[in-house]
Novice: 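Structure provided below as structure tokens; questions to follow.
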Amino acid sequence: MSNRATSTTSKPPLYKIVMLGDSGVGKTSLVARLTNPDRPLNHDISATMGIEFDTQMLDTPHGKVKAQIWDTAGQERFARVLLPTYFRKAKGVILVYDVTNAKSFESLGERWMTQLNDHANSEELAKLLVGNKCDLEASREVSKEKAEMFCNEFGMEHLETSAKSGENVLKAFERLITIVHERSLSAGKSKAGAKGINGADGAANGAANGSSGFKLDEGNARGDGANSVADSSSCGC
Ligand code: G3D
Ligand code: MG
């Protein structure tokens, strides 16, 4: 019985994943929490205004893989201009809403899924729905049931996270990257996919060896670097 997963020898595969969702839902905070665990939330976090990516080694049941995580602003103007670049060669997407903001949830169906379909081969992208800010239970506006109905409709899994406490943050990224990796393995394209990002995606070059970033100057810029990670304890919210 052959097992592709065990045939990995040197470099772990690298997959590009992208963060999507309205401004303010916590995309930057989630990435920061993942990539730099020692820096507390709110440390010098400014509004996201460019594109930036970080890379992070993650565990999957099939071994370690490297995730190149792209983060962008939720501004419409920005999104229209840069989404094609943003989605290029992406293998997975984390759709983020804020559990305390019903509008941010509605935007997923009204706007972000449309953007995905317009600019990426949505069928080929692994997707995970993330309801962030689950530490703010008293202010909740989006029920888990509602989120799960959305997931059923679009064929994805759901997790609630808190970039503030760290709950489920690592788990969310690990889950998505596992789905991406398993798809790649079952398609027999593990090596090709990793090569594609490493070699062909200009924006991705140089990012494979640790946290890194670049900004596409759209008159804005994300001021925060990487922040912090957390453990992946289960979310009590
Ligand atoms: P964005 O990248 O999606 O635009 P940010 O969102 O990461 O910039 O976060 C927007 C605001 O939400 C920030 O507050 C940030 O601290 C806060 N935030 C992010 N995640 C959480 C969370 O899980 N829980 C709570 N309580 N707050 C969170 P400021 O005040 O800096 O705008
Ligand atoms: Mg941001």
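Just follow the structure's listing: the first ligand is 1, and inside any ligand the first atom is 1. Computed from a predicted model, the values in this text were never measured in an experiment. Residue indices begin at 1 and follow the sequence shown.
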Novice: For Asp22, state whether at least one heavy atom is located under 4.0 Å from any atom of ligand 1.
Specialist: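 Yes, Asp22 has heavy atoms under 4.0 Å from ligand 1.
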Novice: Apply the test side chain to side chain contact (heavy atoms under 4.5 Å, CB included) to residues Tyr86 and Met19: give CA-CA distance (whole Å), side-chain angles for both, the deciding distance (0.1 Å), then the verdict.
Specialist: CA-CA 10 Å; Tyr86 198 61; Met19 308 294 291; 4.0 Å; yes
Novice: Classify the contact between Val25 and ligand 1 as side chain, backbone, both or neither, using a heavy-atom distance cut-off of under 4.0 Å.
Specialist: both
Novice: Can you sort out which atoms of ligand 1 are near Ser23, meaning under 4.0 Å from one of its heavy atoms?
Specialist: 4 (O)
Novice: With heavy-atom distances below 4.5 Å as the criterion, would you say the side chains of Leu176 and Ile17 are in contact?
Specialist: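 Contact flag for Leu176/Ile17 side chains = yes.
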Novice: Polar-atom distance check: Leu136 versus ligand 1, any N or O pair below 3.5 Å?
Specialist: no
Novice: Measure the CG-CZ distance between Leu159 and Arg175 for me, rounded to the nearest 0.5 Å.
Specialist: 9.0 Å
Novice: Heavy-atom distance to atom 18 (N) of ligand 1: which of Lys133, Glu167, Met19 wins?
Specialist: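 Residue with the shortest heavy-atom distance to the ligand atom: Lys133.
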Novice: Relative to ligand 1, is Thr28 under 4.0 angstrom through side chain, backbone, both or neither, heavy atoms considered?
Specialist: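 Both parts.
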Novice: Looking only at distances, please establish whether an N/O atom of ligand 1 is found under 3.5 Å from an N/O atom of Asp135.
Specialist: yes
Novice: Under the side-chain contact (heavy atoms from CB on, under 4.5 Å) test, which residues partner Met149, sequence neighbours left out?
Specialist: none
Novice: Looking at Asp54 and Ile69, would you say the former's side chain and the latter's main chain have a donor-acceptor pair under 3.5 Å?
Specialist: no
